[in-house]
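None of these values were measured; they are calculated from a predicted model. The analysis underlying the following values was restricted to heavy atoms, covering all of them including side chains, and did not include hydrogens, waters or symmetry mates.
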Amino acid sequence: MIEVKDLEKTYPGTGRVLAGVSFTVPDGQIVGILGRNGVGKTTLLKRMAGILRGKGSVLYDGQPPEKCAEEIAYLSGEGSFFPEMTAWEYADFLCAFYPRFDRGRFAKLLSFFELDLYRNQRAGTLSRGQKTRLELAAGFSKGARWLLLDEPFAGKDVFSRKDFLKLMTAGLLHGETILLSTHDIEEAENIFDRVILLRYGGIQADLPAEEWQESGRSLSDIYAEELGYDPSRYRKFF
């Protein structure tokens, strides 16, 4: 179980980004972390991964992130590879930190993401989309129990996004827990067990999937309502 309690984060010159964020995530859930740009989604996931420091606590089965780092995989478009590394050098690097890193799975994912031809090319020379796919292949080969995915669809076309969602849900092996930050709500809503909506640095809503499924409304509609989006707002410009 993941326990997040009273997280706060303030950046100099920007102000407070997270303010008293608390929630728990049982093992095996896929949770959407949603919200408009700038509300703290990336900050929340980095704080949960132990990359950022701040007030409050994050516990994984009672342990802080630094005590179970090999069980946590944080994935983003930024990547954790060095630009001069090839895909296989990156795999060697990760083996030193993740005892359950699966090279066979990594090779299959490189093939799935059509990176076979680039496996000996330095990561820094890859396109943005290719770097993202390399990071996803590595992240899903680490054998981690907790996966924190920050906009994993960046730089991916619609067909690649659909393929990735199918791969992600079908490829879970041991009851992994996933927190997924994304703006592609319509494509991802069917995989979520629950969504957490962030607004102004806090939690606006924490909704189980049953809430929108039983209501007959789409997650996009609920998202717009909870965040106060006015679809006719553009008319005020004219």
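- Between Phe106 and Phe101, the two ring planes are tilted [angle within 30° to 60°].
- Checked against a 6.0 Å centroid threshold, the rings of Tyr90 and Phe82 do not count as neighbours.
- The hydrophobic clustering, which links ILVMFWY residues whose side-chain heavy atoms are closer than 4.5 Å, places Val4 and Ile51 together.
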For this session: Test Leu180 against Val31 for side chain to side chain contact (heavy atoms under 4.5 Å, CB included), laying out the working first.
Result: CA-CA 6 Å; Leu180 168 62; Val31 180; over 6 Å; no
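- Residue Gly40 comes nearest to Val17 through the heavy atom pair CA-CG1, 3.5 Å, listed as atom of the first residue, atom of the second, then distance.
- Residues Asn37 and Val39 form no side-chain contact, since every pair of their non-hydrogen atoms from C-beta on lies 4.5 Å or further apart.
- You'll find the side chain of Arg194 reaches within 4.5 Å of the side chain of Asp206, heavy atoms only.
- Cluster annotation: Val21 is not connected to Tyr200 through the hydrophobic network of ILVMFWY side chains, with a link wherever side-chain heavy atoms come within less than 4.5 Å.
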For this session: Give the C-alpha distance, both sets of side-chain angles, the deciding distance and a yes or no for side chain to side chain contact (heavy atoms under 4.5 Å, CB included) between Trp146 and Ile178.
Result: CA-CA 6 Å; Trp146 298 291; Ile178 295 178; over 6 Å; no
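- Rounding to the nearest 0.5 Å places OG1 of Thr177 at 8.5 Å from CG of Leu147.
- In this structure, the side chains of Arg16 and Lys9 stay at 4.5 Å or more apart for every pair of heavy atoms.
- Side-chain contact check for Ser22 and Asp6: at least one donor-acceptor pair (N or O, by modelled atom type) lies under 3.5 Å.
- Scanning all heavy atoms of the two residues, the minimum distance from Leu110 to Asp116 falls at C-OD1, 3.5 Å.
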For this session: List the steps, then state whether side-chain hydrogen bond (donor to acceptor under 3.5 Å, both in side chains) holds for Asp150 with Thr42.
Result: CA-CA 6 Å; Asp150 187 10; Thr42 293; 2.7 Å; yes
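- If you take OG1 on Thr24 and CD1 on Ile2, they are separated by 9.5 Å, rounding to the nearest 0.5 Å.
- Side-chain contact between Leu75 and Leu136 is present, with heavy atoms from C-beta onward closer than 4.5 Å.
- Separating the OG1 atom in Thr86 from the CG atom in Asn120 is a distance of 6.0 Å, to the nearest 0.5 Å.
- Between Ala123 and Leu134, the closest heavy-atom pair is CB-CD2, 4.1 Å.
- One N or O on the side chain of Arg122 and one on the backbone of Glu84 form a donor-acceptor pair closer than 3.5 Å.
- Hydrophobic clustering, with ILVMFWY side chains joined whenever heavy atoms are under 4.5 angstrom apart, groups Phe112 together with Leu149.
- Residue pairs meeting the side-chain hydrogen bond (donor to acceptor under 3.5 Å, both in side chains) criterion with at least one partner in residues 49-71, sequence neighbours excluded, are Asp61-Arg145, Glu71-Arg100.
- The distance from the CD atom of Gln29 to the CE atom of Met1 is 9.0 Å, given to the nearest 0.5 Å.
- Under the 4.5 Å side-chain heavy-atom criterion for grouping Ile, Leu, Val, Met, Phe, Trp and Tyr, Tyr98 is connected to Phe93 within one hydrophobic cluster.
- Residue Ala73 comes nearest to Gly139 through the heavy atom pair CB-O, 4.2 Å, listed as atom of the first residue, atom of the second, then distance.
- Summarising the geometry, atom CZ belonging to Arg47 is positioned 5.0 Å from atom CG belonging to Leu7; distances are rounded to the nearest 0.5 Å.
- The existence of a salt bridge linking Arg133 and Glu114 is excluded, since no basic side-chain nitrogen approaches an acidic carboxylate oxygen closer than 4.0 Å.
- No donor-acceptor distance shorter than 3.5 angstrom exists from the side chain of Tyr223 to the backbone of Ser218, with no hydrogens or angles considered.
- Taking both residues in full, the closest heavy atoms of Ala138 and Leu94 are given as CB-CD1, 3.6 Å, listed atom of the first, atom of the second, then distance.
- Looking only at side-chain heavy atoms (C-beta outward), Leu18 and Thr10 stay at 4.5 Å or farther from each other.
- In this structure a side-chain-to-backbone donor-acceptor pair under 3.5 Å is present from Gln130 to Ser127.
- Side-chain atoms of Trp212 and Glu189, non-hydrogen and from C-beta on, do get closer than 4.5 Å to each other.
- The shortest side-chain heavy-atom distance between Leu34 and Leu198 does not fall under the 4.5 Å cut-off.
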Problem set entry | Verdict with supporting geometry, Glu135 and Tyr74, side-chain hydrogen bond (donor to acceptor under 3.5 Å, both in side chains) | CA-CA 10 Å; Glu135 187 69 0; Tyr74 171 77; over 6 Å; no
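- With hydrogens and angles ignored, the 3.5 Å screen pairs a side-chain donor or acceptor of Thr132 with a backbone N or O of Arg128.
- Around the CZ atom of Arg103, the shell of radius 6.0 Å holds more than 12 heavy atoms that belong to other residues, nucleotides or ligands.
- Of all non-hydrogen atoms in His183 and Gly35, the two that sit nearest each other are CE1-O, 3.3 Å.
- Identified under the ring-ring contact (aromatic ring centres under 6.0 Å, His included) test for residues 10-31, with sequence neighbours left out: none.
- Note: Leu197 CG to Leu207 CG = 5.5 Å, rounded to the nearest 0.5 Å.
- A heavy-atom distance below 4.5 Å is not found between the side chains of Asp102 and Phe140.
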